[in-house]
Structures are given as C-alpha cells and as structure tokens.
Amino acid sequence: MATTTLIPPAPARPAHRDGNVLRWLAAYTSSLVGDSVYYMALSWAAARSGSAGQAGLVLAVGAVPRALLMLGGGVIADRFGPRRVVIGSDAARSLIILGMAAALLVTGPHLWLLIVLALVFGAVDAVLLPALGALPPRITGPGELARVQGLKGLAARVANIAGAPLGGLAVALGGTAATFAAAGALFAVSTGLLVRVRMARLDGDGQKAKEPPLRELTDGLRYIRRHRLLAPLMLVIAVGELGFAAPLNIGLTLLAQERSWGAAGMGWIVAAFGAGAGAASLLLSVRGRLPRAGLVLPVSLLGGTTGIAGLAYAPSVALAAVAGVLIGLLAGLSGALCGALVQTATEPAYLGRVTAVASLFTLGIAPLGYPLAGAAIGLWGAGPVFLASAGVCATGALIGLASGHLRRAELPR
C-alpha cells in the first residue's frame with residue numbers, strides 16, 4: 001500500500017507571505033462568507049413562508065444529504081482530483097443559489113422550493129468538503145500545513161464576524177432574492193480565485209480508478225483502520241467532537257436561559273470563545289509549527305475539558321466568558337493540529353476519503369447530539385450535562401495520550 005509521495009517543494013516564503021496560498025485563502029474566506037449569507041437568506045425565507053417548526057425543518061434537512069453522502073464525496077475527490085472537484089462544486093453552488101435568486105423574482109419563497117434547495121445544497125457540500133480538506137498539501141510544502149490550518153481558522157473567524165451582518169444588510173436592502181444573489185456572487189468570486197491557484201500534482205492525481213466506488217470507499221476505511229497514527233487520531237476527533245459540539249451549540253443557549261443571563265450574556269460567552277479560537281489560529285499562523293504536535297493535541301483537548309467543566313458551575317457571565325476563552329483557545333489549537341496531522345500523515349491518494357471521515361464526525365454525526373443534549377438539560381439541568389460533556393472530551397484526550405504513535409507524532413519542518 002505504500003506509495004511514493006510527490007510533495008511539492010516548500011515555498012520560498014512562509015504560507016502567510018505566499019501569494020498562491022493567499023489567493024486560496026481569499027477564495028476560502030469568500031466561500032465561508034457566502035455560506036453565512038446563504039444560511040441567513042434561507043432562514044429568513046423559511047421564517048417568512050411557514051411556521052417556526054417548518055422553518056427549523058428547512059434548516060435541518062440540508063444536513064441529511066451532507067451526512068449521508070460525505071463518504072462518497074471523499075471517493076469522488078480522490079478519483080477525480082480535489083482541484084476539479086472543488087472548482088466544480090463551488091461553481092455549482094454559485095449557479096444553484098443565483099438560480100434560486102432568479103426564481104424568487106418570479107415566485108414566492110414556497111416551503112417546498114426551500115426544502116429542495118437545502119437538500120441540493122447539502123448534497124453539493126458533501127462533495128465539496130472532502131476535496132477542500134485535500135487541497136492544502138497541493139498548494140504549499142508539508143512544513144507549512146500547520147500555518148495553513150491557522151490561516152483557515154482566522155478565515156472562519158472573519159466569516160463569522162462579517163457573514164451575518166452582510167446577510168442582514170442584504171435582507172434589509174433587497175429582500176430574500178438579493179440575499180441569495182449576494183451569496184451566489186460570493187461563491188462565484190471564490191470559484192474565480194480558485195481557478196488562479198497553482199496546485200501541485202501529487203502521487204495518484206489524475207489516475208483512472210481501477211475499482212468500483214464502493215470498493216474504493218471500503219479501501220479508504222481499511223486504510224484508516226490499519227494506519228498507526230490515523231486510527232487513534234480519528235477516534236480522538238470523533239469522541240472530542242461529541243463532547244464539544246453539544247455544549248457549545250444548543251447547550252450554551254439553554255445554559256444562558258437557565259441562569260437568566262439573557263441573549264447579551266450568551267453573546268459575551270460566544271464572543272469570548274471566538275476570541276480564544278482566533279488567538280489559537282493566530283498563534284499557528286505566526287509560528288507555523290509547534291514541537292511535539294501529537295502530544296500537544298490531546299493535552300490541549302484535556303485542558304479544554306476544564307473550561308467546559310467550569311461553564312457547568314460558573315456563577316456569573318464574567319467567569320463563564322473566561323471559561324469560553326479557555327475552551328476556544330485549546331479547542332481551536334487541538335482542532336488545527338488534528339487537521340495538520342491528518343494532512344501530513346495521509347498518502348495523497350487517500351486524502352479525500354480520510355478527510356471525508358473526519359468531516360463526517362465533525363459535521364455529520366456530532367450534531368446528532370443536539371437533541372439529546374437539549375433533552376438531558378431539560379431533565380437534569382445544564383451543570384450535570386456540561387460535566388458529562390467534559391467527561392466525553394476527557395475520554396477523547398485520554399485515547400490520544402494512550403497512543404504512543406500519536407504522542408510521538410511531529411509535523412514536518
């Protein structure tokens with residue numbers, strides 16, 4: 001199974017000073033902002049066309065094809081090459097959303113039309129996301145992959161800050177159709193920038209598949225299971241996400257309600273988390289590499305569990321915000337190191353499928369814990385549930401610490 005990996009030579013300048021990487025980063029940021037504007041348009045149109053429950057249904061159905069088709073998207077990325085898949089998927093998203101904007105000029109935002117849009121968009125996302133994860137090793141050298149993960153984190157923070165206000169402004173000025181058009185334009189900008197990004201060909205790129213897609217998928221899963229580093233790393237990602245996802249989404253909202261902190265209090269905690277995650281991304285962007293990354297990863301995850309446990313019994317918004325900074329900093333650091341280790345440890349021919357499995361845990365399976373967390377908080381209160389989530393995260397960290405191959409893993413220089 002071993003292959004010769006044709007890694008491109010390290011760039012003359014660090015990734016944050018490399019024009020090619022910065023073009024990719026601009027494309028990635030434009031796509032993320034477009035996502036935020038799209039979801040703003042979708043939620044606004046759904047709220048205007050149905051009940052609160054129906055609006056929630058519209059927002060939820062897009063996750064179904066994303067979860068069901070994500071592994072197949074990894075096969076597609078490895079079979080056709082991530083460059084083709086990313087550019088084609090981004091262009092398809094632009095055309096789909098611009099088509100929706102045009103349709104709304106003719107007809108109203110009917111519920112069935114929004115559901116179809118959410119399903120199609122989710123299916124395209126299932127193809128796009130694995131290919132996105134396979135791009136960084138093709139645009140920079142292996143020693144810059146941690147810095148690229150930091151830059152991706154900063155792009156996510158920018159998108160979170162800019163996306164919602166931009167979507168809200170588009171809704172206020174032009175209505176739903178204009179907001180969909182703005183999202184489609186952002187995806188078109190992203191596509192245009194991606195076309196200009198130089199991407200190296202790695203071992204296996206452009207080769208015609210010799211096996212049926214299902215066998216390629218099982219071959220990818222077998223590759224992960226037999227890999228000394230990827231197998232424990234995927235367990236850490238899966239268990240850690242199950243612990244982090246619920247308390248930092250539905251759990252935080254219910255915690256603020258339970259303790260009468262209100263929307264403003266919740267906003268301060270979310271902002272504190274974003275500041276911590278941004279600091280972690282900035283650290284990696286500047287340093288480019290952390291020594292003993294495989295050990296830092298589970299230790300950071302374990303430290304983040306103390307923040308979750310602190311939220312469980314924080315008596316005030318101020319102390320909860322301190323816990324939020326700690327969680328954001330350490331979760332952001334561990335998440336970026338997970339991405340960098342996945343990309344450096346995986347043979348290029350399998351990178352799409354491996355990324356698909358990691359994305360399935362983070363974007364497909366982990367959100368399934370939301371209703372369970374909500375029901376548990378309703379029965380026992382936020383404190384015990386947050387402590388249980390901290391225990392789940394601690395389990396993921398201990399899995400990482402128990403793996404000698406992960407503890408000894410290093411990022412390339």
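Nothing here was measured: the structure is a model prediction, and the numbers come from that model.
Considering every non-hydrogen atom in both A170 and T179, the closest pair reads C-OG1, 3.4 Å. Listed here is the closest heavy atom pair of C393 and G240: SG-O, 3.8 Å. Closest approach of D78 and A349 over heavy atoms only: CG-O, 3.1 Å. Considering every non-hydrogen atom in both P130 and G73, the closest pair reads CG-C, 3.8 Å. Nearest heavy-atom pair across G352 and A77 is CA-CB, 4.1 Å. Closest of all the heavy-atom pairs between G167 and M40 is C-CG, 3.7 Å.
We find the OG1-CZ distance between T218 and R353 to be 9.0 Å, quoted to the nearest 0.5 Å. One finds the CD1 atom of I115 at 13.0 Å from the NE2 atom of H110 (value rounded to the nearest 0.5 Å). With values rounded to the nearest 0.5 angstrom, D125 atom CG is found 7.5 Å from M70 atom CE. Rounded to the nearest 0.5 angstrom, R79 CZ and R84 CZ are separated by 12.5 Å. Between S389 atom OG and I308 atom CD1 the span is 6.5 Å, to the nearest 0.5 Å. One finds the CG atom of L235 at 11.0 Å from the CG atom of L230 (value rounded to the nearest 0.5 Å).
When side chains are defined from C-beta on, L129 counts as touching R66, because their heavy atoms get closer than 4.5 Å. Between Y350 and D219, some side-chain heavy-atom pair lies under the 4.5 Å cut-off. Looking at L194 and W24, their side chains come closer than 4.5 Å, going by heavy atoms from C-beta outward. In this structure, L295 and L401 have side chains that are in contact, with non-hydrogen atoms separated by less than 4.5 Å. By the 4.5 Å heavy-atom criterion applied to side chains, V197 and L135 are not counted as neighbours. No side-chain heavy atom of L411 sits under 4.5 Å from any side-chain heavy atom of L290. Side chains of L406 and L229 form a contact here, defined as non-hydrogen atoms less than 4.5 Å apart. By the 4.5 Å heavy-atom criterion applied to side chains, W261 and L255 are counted as neighbours.
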What's the verdict on side chain to side chain donor-acceptor pair (under 3.5 Å) for S190 and R93, showing C-alpha distance, side-chain angles and the deciding distance? CA-CA 11 Å; S190 174; R93 297 205 306 171; over 6 Å; no

L71 vs V75, test: side chain to side chain contact (heavy atoms under 4.5 Å, CB included). Steps then yes/no. CA-CA 7 Å; L71 296 181; V75 173; over 6 Å; no

Please step through side chain to side chain contact (heavy atoms under 4.5 Å, CB included) for the pair L98 and F187, ending with a clear verdict. CA-CA 10 Å; L98 291 175; F187 293 141; over 6 Å; no

Derivation of the side chain to side chain contact (heavy atoms under 4.5 Å, CB included) call for M234 and V342: CA-CA 9 Å; M234 287 297 163; V342 164; 4.1 Å; yes

So R23 and R198, side chain to side chain contact (heavy atoms under 4.5 Å, CB included) or not? Walk me through it. CA-CA 9 Å; R23 278 192 296 274; R198 300 187 307 275; 3.2 Å; yes

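Looking only at distances, a side-chain donor or acceptor of E258 sits under 3.5 Å from a matching main-chain atom of A382. Checking side-chain atoms of R407 against main-chain N and O of G294 turns up no donor-acceptor pair under 3.5 Å. Judged purely by atom type and a 3.5 angstrom limit, R138 has no side-chain atom pairing as donor or acceptor with the backbone of A200. Looking only at distances, a side-chain donor or acceptor of T344 sits under 3.5 Å from a matching main-chain atom of L341. Counting only distance, with no hydrogens or angles, the side chain of N160 and the backbone of A156 share a donor-acceptor pair below 3.5 Å. No donor-acceptor pair under 3.5 Å is formed between the side chain of T140 and the backbone N or O of P136. Side chain of E241 to backbone of F361: no donor-acceptor contact under 3.5 angstrom is found. The closest donor-acceptor contact from the side chain of T306 to the backbone of G303 lies under 3.5 Å. A donor-acceptor pair is defined here as one N or O able to donate and one able to accept, closer than 3.5 Å; such a pair exists between the side chain of S281 and the backbone of A277. Without hydrogens or angle criteria, Q149 side chain to L337 main chain gives no donor-acceptor distance under 3.5 Å.
Just one of L166, T29, D35 meets the side-chain contact (heavy atoms from CB on, under 4.5 Å) condition when paired with L186; it is L166.
With sequence neighbours excluded, the residues that form a side chain to side chain contact (heavy atoms under 4.5 Å, CB included) with I76 are F80, V85, V127. Residues satisfying the ring-ring contact (aromatic ring centres under 6.0 Å, His included) criterion with H227, sequence neighbours excluded, are Y223.
Ring geometry for F121 versus Y38: interplanar angle under 30°, hence parallel rather than tilted (30 to 60°).
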